Amino acid sequence: MTSVVRAGHLAPYFKATSQVVANGLKPAVVVATPADKLVVQPLPKTSTVQSLHGALPIQGLKVKSGNAIPVQVRFAHSDIAYPDFTAYRRKETQDPKSKADESIDQRQSFTYLIAGAGSVAGAYAAKSVVTQFVSSMAAAADVLALAKIEIKMAEIPEGKSVTFKWRGKPLFIRHRTASEIATEKAVPVESLRDPQHDDQRTQNPKWLVVIGVCTHLGCVPVANAGDFGGYYCPCHGSHYDASGRIRKGPAPLNLEVPPHTFIDDLLVVG
């Protein structure tokens, strides 16, 4: 197996070559050599930086190794540059002679302060994101404006039924007379299709508050009409009494009574 690696411009600095003979060779045996056959090799010439630079290759340097005689060429230099972070260090830690434990408490306090401030900022940002996300799913301003409706009861004369718009639906407000109240209270509950007593449908006997949507197919009934003097749906002939209860026709249920309260002279629906 042979591998080739290209080196950079490190040739002018240093060169080291090593040859390794594969295992399995017999060890060499030391043999005495006669004095007349000894050859004295002359001392090598002193090498200088210029001579080494001229002798070593600069471009196209490669390292080759094989199974027979692996050869390695290595270059090294001692002038390795390293970054200086003195400008980013605190003054109390720049002196190498100072003890490390003298400012450790201060360093930890500063770290805890930064971590705490970051945690508070992150929590506030998360709260803002969650609040905006939840607010985006809330009802629009026009829908909230119609969530409740206030009606002045003095503006509705006795015996009249007035229609308002509440949450996109017609709202019937009826100011009942004493005779209407007595008539509706006298109706036997067991005879009704959707049995409800008049007291269950009104908070104040004088005022009937119902949603004007027929429980049959969603039509809008006509006030002060029908066989029972309440509401009449001309679409399919459903008759309601003055308490909004179904008395005749295909409608299965009574008119819905929305949540409402009385505050002084105001009727608040919603």
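Please read these numbers as outputs of a predicted model, since none were measured by experiment.
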Problem set entry | Shortest non-hydrogen contact between Asn254 and Gly244, atoms and distance | CB-O, 3.5 Å

For this session: Sequence neighbours left out, what passes salt bridge (Lys or Arg N to Asp or Glu O under 4.0 Å) with Arg201? Give chain and number order.
Result: none

Exercise. Atom CG of Leu208 and atom OG1 of Thr202: how far apart are they, to the nearest 0.5 Å?
Worked result: 7.5 Å

For this session: Could you give me the CA-CA distance, side-chain angles and deciding distance for Val220 and Val213, then say whether side-chain contact (heavy atoms from CB on, under 4.5 Å) is met?
Result: CA-CA 5 Å; Val220 179; Val213 177; 5.6 Å; no

Problem set entry | Tyr232 ring center near Tyr240 ring center (under 6.0 Å) | no

Exercise. Rounded to the nearest 0.5 Å, how far apart are CZ of Phe262 and CH2 of Trp207?
Worked result: 7.5 Å

For this session: Would you name the heavy atoms of Val222 and Pro234 that are closest together and state the gap between them?
Result: CG2-CD, 4.1 Å

Exercise. Quick one: does Arg247's side chain have a donor or acceptor within less than 3.5 Å of a partner on Arg193's backbone?
Worked result: no

Problem set entry | Thr86: side chain to side chain donor-acceptor pair (under 3.5 Å) partners, not counting sequence neighbours | Asp84

For this session: Using atom types as modelled and distance alone, determine if a side-chain donor or acceptor of His175 lies under 3.5 Å from a backbone N or O of Ile156.
Result: yes

Problem set entry | Listed once per pair and sorted, the ring pair (Phe, Tyr, Trp, His ring centres under 6.0 Å) pairs that draw on residues 119-139, sequence neighbours left out | none

Problem set entry | side chain to side chain donor-acceptor pair (under 3.5 Å) involving Thr261 - partner list, sequence neighbours excluded | none

Seminar exercise, completed: Val268 and Glu150 have their tightest heavy-atom pair at CG2-CG, 4.0 Å

Problem set entry | From Met137 atom CE to Gln132 atom CD, the distance as rounded to the nearest 0.5 Å | 12.5 Å

For this session: Could you tell me which residues satisfy side chain to side chain donor-acceptor pair (under 3.5 Å) with Arg245, sequence neighbours excluded, listed by chain and number?
Result: Glu184, Asp241

For this session: Let me know which of Ile151, Ile149, Val209, Leu171 forms a side-chain contact (heavy atoms from CB on, under 4.5 Å) with His260.
Result: Val209

Exercise. Are Asp198 and Arg176 within salt-bridge range, i.e. N to O under 4.0 Å?
Worked result: yes

Problem set entry | Glu180 side-chain N/O to Thr177 backbone N/O, donor-acceptor pair under 3.5 Å | yes

Exercise. How would you list, by chain and number, every residue that makes a salt bridge (Lys or Arg N to Asp or Glu O under 4.0 Å) with Lys248, sequence neighbours excluded?
Worked result: Asp227

Seminar exercise, completed: Tightest non-hydrogen contact, residues Ser238 and Pro250, listed as OG-CD, 3.3 Å

For this session: Could you check if a side-chain atom of Pro252 sits within less than 4.5 angstrom of a side-chain atom of Thr215, using non-hydrogen atoms only?
Result: yes

Problem set entry | Parallel, tilted or perpendicular: ring planes of Phe172 versus Tyr231, cut at 30 and 60 degrees | parallel

Problem set entry | Flag if over 12 foreign heavy atoms under 6.0 Å of NZ, Lys185 | yes

Exercise. About how many Å separate SG of Cys214 and CD1 of Ile246, when rounded to the nearest 0.5 Å?
Worked result: 6.5 Å

For this session: Could you walk me through whether Glu256 and Val210 pass side-chain contact (heavy atoms from CB on, under 4.5 Å), step by step?
Result: CA-CA 6 Å; Glu256 182 182 355; Val210 293; over 6 Å; no

Seminar exercise, completed: Closest non-hydrogen contact found for Lys152 with Leu266 is CG-CD2, 3.6 Å

Problem set entry | Shortest non-hydrogen contact between Leu267 and Ile173, atoms and distance | CD2-CD1, 3.8 Å

For this session: Could you verify whether a donor N or O on one side chain and an acceptor N or O on the other, from Asn224 and Arg174, lie under 3.5 Å apart?
Result: yes

